Amino acid sequence: MNRTLMFDSPFLLGFEHTRNLIERAAKAASESYPPYNVEETGMGQVRITLAVAGFSPDQLQVTVEDNQLIVAGRKDADPKSAEEKAFLHRGIAARGFIRTFVLADGMEVDQAILEHGLLHIDVVRPEPARLVKRIPIRTAG
């Protein structure tokens, strides 16, 4: 947590947003379930793929809040199956999760596709609209 102390310096004023971004990214990096890939698919396009085998579309939720992509998986406990099954080895996780990604300014989630146990989330950075502003010239004097 030395980075946090750096932002507590009285000489760094107004960097709260940067501090929050670093803390959110560090927290997101510490999460390990479910596993995921991030690949560049084109100019300004990124695909995030999460391994969510066993989750149906209605058990998954993808939201964006304050430049933070949040992917949540909800698994309802099935007490009947837990009682009837005697696992010799249980290596497939059957728990809910919340995975977060910090998006850069201007990045937008284009679509989310669930395919063969993989959740693909396409994130794009749209071309900024060219803004031309004409400044009127006034005369003085």
Side-chain angles (χ1 to χ4, degrees), residues 1-85 87-141:
M1 291 290 134
N2 291 336
R3 292 181 180 151
T4 301
L5 294 175
M6 180 179 77
F7 285 100
D8 290 337
S9 169
F11 301 108
L12 297 173
L13 302 175
F15 288 92
E16 292 83 12
H17 179 68
T18 304
R19 176 185 183 173
N20 291 339
L21 280 175
I22 292 171
E23 288 177 355
R24 286 192 331 202
K27 182 181 176 200
S30 66
E31 300 167 354
S32 62
Y33 178 77
Y36 66 95
N37 291 336
V38 178
E39 60 184 301
E40 186 173 10
T41 56
M43 286 293 289
Q45 299 175 350
V46 174
R47 172 171 270 192
I48 301 170
T49 301
L50 293 99
V52 292
F55 285 87
S56 62
D58 60 328
Q59 294 173 319
L60 296 168
Q61 184 175 22
V62 178
T63 58
V64 177
E65 179 180 344
D66 192 26
N67 284 356
Q68 189 166 357
L69 170 63
I70 303 168
V71 183
R74 177 182 41 85
K75 275 288 196 179
D76 297 327
D78 188 7
K80 181 181 173 186
S81 66
E83 292 174 4
E84 294 176 356
K85 296 179 182 176
F87 291 98
L88 299 178
H89 173 77
R90 189 170 188 174
I92 300 173
R95 63 180 187 268
F97 67 89
I98 295 177
R99 168 71 75 169
T100 59
F101 300 88
V102 178
L103 301 177
D105 287 338
M107 303 228 27
E108 298 176 2
V109 174
D110 185 37
Q111 63 180 347
I113 302 168
L114 182 62
E115 178 183 37
H116 306 298
L118 299 174
L119 178 62
H120 303 289
I121 302 171
D122 293 328
V123 181
V124 298
R125 181 188 303 263
E127 286 285 326
R130 187 175 183 138
L131 180 65
V132 177
K133 183 178 180 182
R134 185 176 186 115
I135 310 299
I137 300 172
R138 297 182 312 157
T139 57

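Predicted model, so just to flag it, every value in this text is computed and none were measured.
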* To do: Find out whether the Lys NZ or Arg CZ of Arg99 is both under 6.0 angstrom from the six-membered ring centre of Tyr33 and within 45° of the ring's axis.
  => no

* To do: Identify the heavy atoms of Leu50 and Pro34 that sit nearest to each other, and give their distance.
  => CD2-CG, 3.7 Å

* Please lay out, stage by stage, how Ile121 and Val71 fare under the test side chain to side chain contact (heavy atoms under 4.5 Å, CB included). => CA-CA 10 Å; Ile121 302 171; Val71 183; 3.5 Å; yes

* **Which atom of Gly73 lies closest to which atom of Leu60, heavy atoms considered** => CA-CD2, 3.9 Å

* Apply side chain to side chain contact (heavy atoms under 4.5 Å, CB included) to Val52 and Phe97, showing your working. => CA-CA 10 Å; Val52 292; Phe97 67 89; 3.8 Å; yes

* **Contacts of Arg125 that satisfy side chain to side chain donor-acceptor pair (under 3.5 Å) - sequence neighbours left out** => none

* Find the distance between NZ (Lys75) and CD (Gln59) and round it off to the nearest 0.5 Å. => 5.0 Å

* Of all the heavy-atom pairs spanning Phe55 and Arg74, show the shortest one and how long it is. => CE2-N, 3.8 Å

* Structure fact -> Correct closest heavy-atom pair for Ala51 and Leu118 would be CA-CD2, 3.8 Å

* Asked: So do the side chains of Val46 and Val38 get within less than 4.5 Å of each other, counting heavy atoms only?
  -> yes

* Going through the checks in order, is the side chain to side chain contact (heavy atoms under 4.5 Å, CB included) test met by Ile113 and Arg47? -> CA-CA 11 Å; Ile113 302 168; Arg47 172 171 270 192; 4.2 Å; yes

* Asked: Hey, does Glu39 have a side-chain heavy atom less than 4.5 Å from the side chain of Thr49?
  -> yes

* Test side chain to side chain contact (heavy atoms under 4.5 Å, CB included) applied to Asp110 and Val123, step by step -> CA-CA 5 Å; Asp110 185 37; Val123 181; over 6 Å; no

* Asked: Which value, rounded to the nearest 0.5 Å, describes the distance between Leu103 atom CG and Gln68 atom CD?
  -> 8.5 Å

* Structure fact -> In terms of heavy-atom contacts, Ala72 and Ile98 come closest through CB-CG1, 4.1 Å

* Structure fact -> d(Ile70 CD1, Phe101 CZ) to nearest 0.5 Å is 11.5 Å

* **Sequence neighbours excluded - ring pair (Phe, Tyr, Trp, His ring centres under 6.0 Å) pairs with any residue from residues 114-141** => none

* To do: For residues Ala112 and Val62, report the shortest heavy-atom separation together with the two atoms involved.
  => CB-CG2, 4.3 Å

* Asked: Considering only heavy atoms from C-beta outward, does the side chain of Leu69 approach that of Ile48 to under 4.5 Å?
  -> yes

